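Data block below; observations after.
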Amino acid sequence: MKFKSLLLCVLLSKFSITQAIESLHVVGLFPGKVVVSIDNQQVVIRQGQSKKGVKFVRLKGDDVVLEINGKQAVYKMGTAVSTNFKQFETRKKTIYADRRGMFHTIGSINSHPIRFLIDTGATTVAMSSVQAKKLNIQYRLNGKETTARTASGIAKAYLIKLNKVKVGEISQSNVTGLVIVGAYPKQVLLGMSFLNKLKVEKTGDAMTLESR
């Protein structure tokens with residue numbers, strides 16, 4: 001009976017460590033230890049030690065390296081993360097070329113469905129002002145006026161921040177976008193302001209986007 005109770009305690013302990021962390025806040029850094037608030041509960045973790053699924057790996061200057069769910073990252077003093085750490089799991093999206101060799105996919109901008117044309121030659125997620133109006137993007141109010149080079153020459157454009165861009169299960173926030181005044185490009189271009197945070201592989205007529 002005592003053995004079963006001990007085994008149950010061990011299993012429960014392991015289960016609790018693998019629970020998703022909803023929030024983490026770096027409260028204090030000291031030689032050999034760090035103070036963090038995990039799900040609103042403050043704990044002291046010594047170097048090399050793990051508590052509540054968070055391992056203190058080492059100090060890095062004025063920052064701290066923590067390991068969560070087997071992944072290490074650098075956190076600054078005062079860093080607050082309010083998210084489920086399960087989101088660090090790898091996300092993939094495979095897209096197949098059309099007859100012209102172009103890669104199209106359905107995604108969304110600010111929760112509005114949109115058809116993207118993947119363009120690794122585009123610096124940002126780029127769209128026409130016609131598309132921006134359909135997506136209810138207030139580019140004149142919230143954007144910064146600039147210019148863009150198009151097939152027809154130089155056009156007025158606006159640099160903006162897109163609250164959320166999503167393709168499949170891959171989602172990014174505060175993505176740089178460009179609204180070009182006029183009717184072109186006809187499709188929204190999924191450019192490098194989104195793609196450069198991903199691992200992009202092309203094999204034959206298939207392109208795979210993978211979160212890093």
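Predicted, not measured: the structure shown is a model, and the values here were computed from it.
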**Message:** Can you confirm whether Glu201 is buried at CD, in the sense that more than 12 heavy atoms of other residues, nucleotides or ligands lie under 6.0 Å from that atom?
**Reply:** no

**Prompt:** Are any of the side-chain heavy atoms of Leu117 and Met102 separated by less than 4.5 Å?
**Reply:** yes

**Hphob cluster co-occupancy, Ile114 + Val130, side-chain heavy atoms under 4.5 angstrom** = no

**Prompt:** For Val125 and Ser193, which heavy atoms make the closest approach, and how far apart are they?
**Reply:** N-OG, 3.1 Å

**Item:** Sidechain-backbone polar pair: Thr203 side chain, Ala206 backbone, donor-acceptor under 3.5 Å
**Value:** no

**Asked** So, His112 and Asn136: side-chain donor and acceptor under 3.5 Å apart, yes or no?
**Response** no

**Request:** Tell me, with the steps shown, if Thr208 and Val200 meet side chain to side chain contact (heavy atoms under 4.5 Å, CB included).
**Result:** CA-CA 6 Å; Thr208 301; Val200 181; over 6 Å; no

**Asked** At what distance, to the nearest 0.5 angstrom, does NZ of Lys186 lie from CZ of Arg115?
**Response** 14.0 Å

**Asked** For Met127 and Val188, which heavy atoms make the closest approach, and how far apart are they?
**Response** CB-CG2, 3.9 Å

**Item:** Nearest-0.5 Å distance, OH of residue Tyr139 to CG of residue Leu159
**Value:** 14.0 Å

**Item:** Residue pair Arg91, Glu210: steps toward the side chain to side chain contact (heavy atoms under 4.5 Å, CB included) verdict
**Value:** CA-CA 6 Å; Arg91 312 269 187 196; Glu210 181 178 345; over 6 Å; no

**Asked** When you look at Tyr158 and Val181, which way does the side chain to side chain contact (heavy atoms under 4.5 Å, CB included) test go after all the steps?
**Response** CA-CA 8 Å; Tyr158 291 84; Val181 177; 3.8 Å; yes

**Request:** Kindly determine whether Lys93 and Ile95 satisfy side chain to side chain contact (heavy atoms under 4.5 Å, CB included), including the steps that lead there.
**Result:** CA-CA 7 Å; Lys93 174 70 175 179; Ile95 304 159; 4.0 Å; yes

**Asked** Do Lys197 and Phe194 meet the cation-pi criteria used here (NZ or CZ under 6.0 Å from the six-membered ring centre, within 45° of the axis)?
**Response** no

**Request:** Verify, without hydrogens or angle tests, whether Lys33 (side chain) and Val35 (backbone) share a donor-acceptor contact under 3.5 angstrom.
**Result:** no

**Prompt:** Would you call Tyr96 and Thr105 a side-chain contact if the rule is heavy atoms closer than 4.5 Å?
**Reply:** no

**Asked** So do the side chains of Leu195 and Ile118 get within less than 4.5 Å of each other, counting heavy atoms only?
**Response** yes

**Cluster link Leu189 to Leu209, ILVMFWY, side chain under 4.5 Å** = no

**Request:** May I ask you to decide if Thr176's main-chain N or O and Thr124's side chain share a donor-acceptor pair within less than 3.5 Å?
**Result:** no

**Complete:** Value for CD (Glu169) from NZ (Lys92), rounded to nearest 0.5 Å, stands at 14.5 Å

**Item:** Heavy-atom donor-acceptor pair, Asn110 side chain to Lys164 backbone, under 3.5 Å
**Value:** yes

**Request:** Say whether, by atom type as modelled, one donor and one acceptor occur between the side chain of Thr147 and the main chain of Ala155 under 3.5 angstrom.
**Result:** no

**Asked** Is any side-chain heavy atom of Ile38 closer than 4.5 Å to a side-chain heavy atom of Val54?
**Response** yes

**Prompt:** Has the side chain of Ser128 got a donor or acceptor atom that lies under 3.5 Å from a matching backbone atom of Gln131?
**Reply:** yes

**Message:** Using every non-hydrogen atom in the two residues, find where Lys55 and Gly48 come nearest and quote the distance to one decimal.
**Reply:** CE-O, 3.7 Å

**Item:** Pairwise side-chain contact, Leu66 with Val57, heavy-atom cut-off 4.5 Å (strictly under)
**Value:** no

**Asked** Just wondering, do Val36 and Val43 contact through their side chains at under 4.5 Å, heavy atoms?
**Response** yes

**Message:** I need the Leu162 CG to Ile137 CD1 distance, nearest 0.5 Å.
**Reply:** 5.0 Å

**Message:** Measuring only between side-chain heavy atoms, which start at C-beta, is Gln172 closer than 4.5 Å to Leu198?
**Reply:** yes

**Prompt:** Once you round to the nearest 0.5 Å, how far does CG of Asp119 lie from CG of Leu190?
**Reply:** 9.0 Å

**Request:** Answer yes or no: is there a side-chain heavy-atom contact under 4.5 Å between Ile106 and Phe116?
**Result:** no

**Item:** Rounded distance (nearest 0.5 Å) linking atom CG of Leu59 with atom CZ of Phe56
**Value:** 4.0 Å

**Item:** Heavy-atom closest contact (Leu178 atom, Ala148 atom, distance)
**Value:** CD2-CB, 4.0 Å

